[in-house]
Amino acid sequence: MPAVLRSRLAPIGLLVVIIAAMTPLIAGSAFWLDNSVLVAIFSLLALSVGMAYGQAGILSMAPAAFGAIGAFATSIVTTRYGLSPLVGLALALLLPAVVAYPMARAITRLSPLPLSIATLLLSLVLELAIREGKGLTGGYIGISGIPPLWFADSVFAMHVLSWGLVVVVLFLYANLTDSAVGRAVKTARHDPLRATADGVNVPALLASYFAISASVSGLAGWLYAHHLTYMGPDSLTMHVSIKVVLMAVIGGASTLLGPVLGAAFLTLLTLYLPAAETQGMIFGGVLIFVLLVAPNGVLGTDWGKLIARRSDKQPMAVRPAATEGTA
Amino acid sequence: MYELVEYLLRGALLGITYGLLAFPVSLLFSTTGSVDVALGAYAVLAVAVAYSIGGPVGILAAILATVFASFVVGIISLRLNRPGAVDHVTAVLGTFGLAMFLESLILSVFGTNPMIRQPFDTFWNIGGIRISPQTGINAAVCLVILTALFVVLRKTPFGRSMRASAANPVGASLNGIPVRQIWFATYLLGGLLAGVAGVLILYTTGADYSSAFTLTIWGFGSAIIFGMNSPLRGFAGGLIIGMVQALCSGYLPGAWATAIPLVVIFVVLSMGRMNQIVSTGGRV
Amino acid sequence: MTVQVKDITVRFGGVTAVKDVSLKLPPGKIVAVIGPNGSGKSTLFNAITGMVKPAAGTIEVDDTRIDAMPPYRRIGLGLARTFQTPRFDPKVTVSEAVMCGFYPVHRTGVFSAMLRLPKAVAEEGDFRERCSDILDDLRLSEFRSLTMNELPMGRVRLVEVARAVANRPKYILLDEPAAGLEREEQRMLSREIRKLADRGVGVLLVEHNFGLIRELAEHVVVLKDGAKLLEGEPETIAKDRAFIDVYLGSAGR
Amino acid sequence: MNMQLGSAPGASVLSCKGLSARYHRVTVVSGVDLSLRAGEMLAVLGSNGAGKSSMLQAIAGVVRGGGEINVNGRSLGGMSAHKRALHGLSLVPEQRRNIFPTMTVRENIDIGLALLPASEREAQRAFIIDLFPILQTRETAMAGMLSGGEQQMLAIGLALGRKPAVLALDEPSQGLAPAVFDILAAAFDRLKKGGLALLLAEQNVPFAARIVDRYVVLSHGHIVRSGDRADLDDPQRIAEAFLGTGRG
């Protein structure tokens with residue numbers, strides 16, 4: 001393999017090529033451009049799950065909640081105070097991180113499982129808060145008339161902007177993964193004590209990483225608000241979170257492009273699904289299927305090895321390694 | 001004053017069902033180290049089945065349905081928790097998938113209508129406090145179940161094996177206990193209890209398709225308040241959460257009633273109730 | 001300028017795992033800790049690196065009290081350690097595993113790492129270079145792109161050592177580095193440990209192989225049931241009746 | 001260095017051929033052959049990390065391993081740990097990890113006895129109590145509250161509950177008071193006379209020397225030496241094997 005293809009940036013190059021090739025094909029259709037923007041937004045949300053879950057091992061069940069924080073932040077400052085969407089952007093990046101960091105600090109000491117549950121709590125509380133914050137969030141009615149971005153006021157421009165942001169996020173993410181911090185996060189995920197011995201302040205590092213991933217969700221929320229120009233209590237709910245987690249897991253949460261692939265796949269699937277009520281059944285079924293067949297997702301699985309292993313089954317032992325060494 | 005007592009009693013009535021959900025949470029966590037997010041969905045499934053069929057047959061069908069659902073989750077979790085690859089978060093994700101599936105199934109079959117049956121329109125009046133006879137039924141059912149569980153766990157070989165697998169899985173398998181089968185049975189027992197809880201919920205507060213995750217949270221919260229390792233504590237935790245909820249809805253406006261107990265659970269989580277492990281004995 | 005452990009006591013519940021142990025680790029010296037299983041060697045290590053909290057006693061590194069510091073700050077002061085049971089993610093490659101050891105000396109922040117500012121690029125390059133030097137020294141170069149689970153146990157232990165020396169520690173704590181190593185690997189490891197000490201690194205060594213201790217250590221501390229039984233030069237210790245009795249289990253005689 | 005370890009006359013209860021053990025994909029024990037007759041006790045000696053525990057765990061089925069394992073002519077290779085336990089193999093793991101610290105002593109023993117037919121349980125319980133009378137007096141105590149020595153006795157009692165053919169012990173002397181050694185040694189002696197085959201992994205050579213019939217030395221996962229008990233009385237040879245002295 002040539003060095004270029006093995007570089008950490010190769011997947012990003014691939015994505016750029018695919019988007020560039022696709023753009024002229026869909027440029028004429030508002031329907032497809034609109035869906036393309038949605039795929040990009042969901043890609044960002046799924047990337048946020050990929051960072052938290054795939055890298056740091058924290059299963060966040062609240063990507064949409066963090067997205068909603070970003071979306072409402074920008075909606076409120078642009079509609080109620082007439083500020084620039086760029087102010088909204090700053091808030092959309094900052095506020096989710098400000099919520100996520102202390103939450104993670106309070107809860108992840110050594111096990112990420114409680115934090116996953118806490119994200120579920122956050123989702124529920126936030127939905128309640130949005131409904132109750134009538135003066136600020138518009139309550140059940142929501143906020144409409146959010147101004148489109150002046151520098152991207154057509155669907156085509158939104159398409160370019162949102163995919164551009166995906167590429168930028170991917171670039172930053174790839175760099176971060178391949179740095180001392182990224183390696184420390186991976187170690188901390190696998191073995192917090194090992195990471196501690198490497199000199200890592202594990203809770204602080206995981207919390208920062210979780211906060212960064214929340215910012216990425218906030219960015220997605222910002223795009224979402226300005227793309228749809230409406231934000232309500234039913235826009236970015238826990239069900240969206242579930243879908244997003246599913247996207248990341250199906251595509252391969254620990255890989256760069258997995259979440260993007262998952263977002264594209266599920267968004268397209270949703271377009272062709274019959275009724276909204278049955279979506280959960282199909283999504284849930286797909287999730288279970290993927291977990292059973294390839295728990296690391298489509299792009300995270302070494303398919304050659306998997307097929308080889310199927311033919312060489314080993315006897316089951318009873319969790320020996322898990323207890324070994326800590327006793 | 002009467003009002004307060006009435007709220008507390010109403011909360012206890014609700015809390016009993018949470019306590020029932022708390023038990024499988026703590027049982028599963030201590031036996032397998034995992035959390036079954038689908039527990040709330042089982043309960044709603046039970047609500048839906050019992051509601052649509054009705055009567056004792058409906059109750060039976062409801063419980064069968066939940067046991068079947070937990071059977072599926074048990075199989076998935078055993079597949080995911082392979083030796084050398086025990087990943088609790090992945091297992092949780094699996095139960096998440098099933099929860100989604102059930103929620104959507106209930107939505108498509110039963111719609112968005114709240115499902116509730118309140119067979120009693122009379123109240124017992126005890127010293128000026130009005131209590132629904134359902135309270136008595138809930139309390140009696142819980143007492144029976146708690147006693148049965150106590151007997152099964154403390155007095156039967158199966159319960160002994162279960163506790164042994166929880167305390168020391170490797171040791172248990174060295175003593176000829178089929179630990180994986182026991183884990184599986186734990187999932188089934190969880191489904192059964194969630195089914196019973198669901199039936200009681202149908203006759204108490206009712207539920208709709210969207211209650212699944214909230215119920216899971218209540219069960220989970222009840223289980224962690226006093227520590228994960230005893231059903232009795234989970235039951236007490238359930239009562240506390242139910243009472244906090246009832247008091248909030250009595251004295252606070254609107255959504256606070258739901259939010260405050262959530263915040264309580266959050267605080268309990270941040271006190272590290274689930275993190276009492278790791279460097280035991282100092283050998284690293 | 002030393003690591004100074006004074007009267008450290010560690011308790012787990014009602015059990016006293018380490019009792020009033022003191023020791024000194026000067027730079028450039030190799031000090032060995034020996035004792036039967038359960039005598040508190042690993043616990044002593046954990047207390048020094050901050051993974052367990054001592055109930056009493058003080059620990060100083062270069063005249064700085066560290067016994068109230070969290071582990072990561074102690075590592076930052078120039079301590080490094082290995083584990084008796086190597087703790088590795090079986091899926092990472094050898095060079096990646098060693099790269100993780102540079103964390104305490106990394107200076108680029110999250111944002112310059114994300115943006116790949118020239119500073120970050122330079123540092124990353126520097127780490128890669130030092131990583132391959134370390135791998136060369138420990139003769140692990142040929143394995144660099146293998147994953148940890150493809151490596152024989154002896155090499156895994158060497159990677160553990162490589163990871164610990166990556167941050168150029170001033171003091172290194174090695175927990176049975178030679179267990180399970182082939183004779184040839186053992187010799188190479190002991191050469192490397194000697195080289196470390198010659199460079200001025202203080203080495204605290206827990207080891208069962210007395211041959212290796214004789215070869216390397218200037219000073220030996222013998223622990224029994226968490227307390228210090230005796231200390232001295234290896235040759236004196238080896239002749240000590242009490243030591244032989246403890247180490248081979250006199251009670252069984 | 002190919003020893004004829006199974007050459008002793010009489011029916012062999014345990015025989016292993018080409019035994020290996022691995023963690024993840026790292027092989028820590030390989031090519032071990034051994035056999036053990038009824039009423040015989042074999043010590044597996046070796047320093048920390050030599051592979052003793054892994055070897056015992058592979059035999060008991062708690063770590064992955066390969067090779068043939070026969071107990072009373074029945075092949076146990078590939079079976080899960082709990083099935084091996086049903087077929088006459090008992091392991092008392094390192095640091096007595098087969099006991100259940102949060103359950104009472106009586107409950108612990110009940111777990112051990114659960115695999116016997118109900119009619120034989122009381123007799124076996126009486127046998128265990130007779131072997132370690134202290135367990136009777138501690139019956140209602142939590143196993144985790146016992147002293148190290150009592151826990152070790154409980155661990156052995158637990159493992160004896162199902163009348164195994166082979167009892168494997170991983171460093172039973174570790175961290176125990178000398179007084180307990182005598183009790184253990186006496187118990188092992190009785191068990192041997194009763195026809196049980198014992199496999200003992202030990203670092204404490206003098207303790208092993210008191211009670212075993214034969215020994216093998218494990219180093220880097222291979223058997224490097226074997227012999228009879230008499231060798232173990234020579235301190236010089238022990239020193240060679242364990243301290244690395246004499247080899248400079």
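Numbers restart at 1 for each chain; the letters A, B, ... are given by sequence-line order, proteins then strands. On a predicted model such as this, the values are computed, not experimentally measured, just so you know.
The part of R162(D) that comes within reach of chain B is its side chain, from C-beta onward, which places non-hydrogen atoms under 4.5 angstrom from that chain. Both the backbone and the side chain of L91(D) come within contact range of chain B, judged by heavy atoms closer than 4.5 Å. Residue D110(D) touches chain B through both its backbone and its side chain, counting heavy-atom pairs closer than 4.5 Å. Both the backbone and the side chain of P178(B) come within contact range of chain D, judged by heavy atoms closer than 4.5 Å.
Of the listed residues (L86(D), I111(D), V92(D)), the one with the most heavy-atom contacts under 4.5 Å to chain B is I111(D). Taking S161(B), P157(B), A172(B) one by one and counting their heavy-atom pairs under 4.5 Å with chain D, the maximum is reached by A172(B).
Between F96(B) and F213(B), the gap from one ring centroid to the other is short of 6.0 Å.
A search for salt bridge (Lys or Arg N to Asp or Glu O under 4.0 Å) contacts involving E122(D) returns R125(D), not counting sequence neighbours.
Proximity of I16(B) to F235(B): side-chain heavy atoms (C-beta onward) are separated by under 4.5 Å at one or more points.
A salt bridge does not link E202(D) to K52(D): none of the charged side-chain nitrogens sits closer than 4.0 Å to a carboxylate oxygen.
Listed by first then second residue, pairs satisfying side chain to side chain donor-acceptor pair (under 3.5 Å) with a partner in residues 146-158 of chain B number zero, not counting sequence neighbours.
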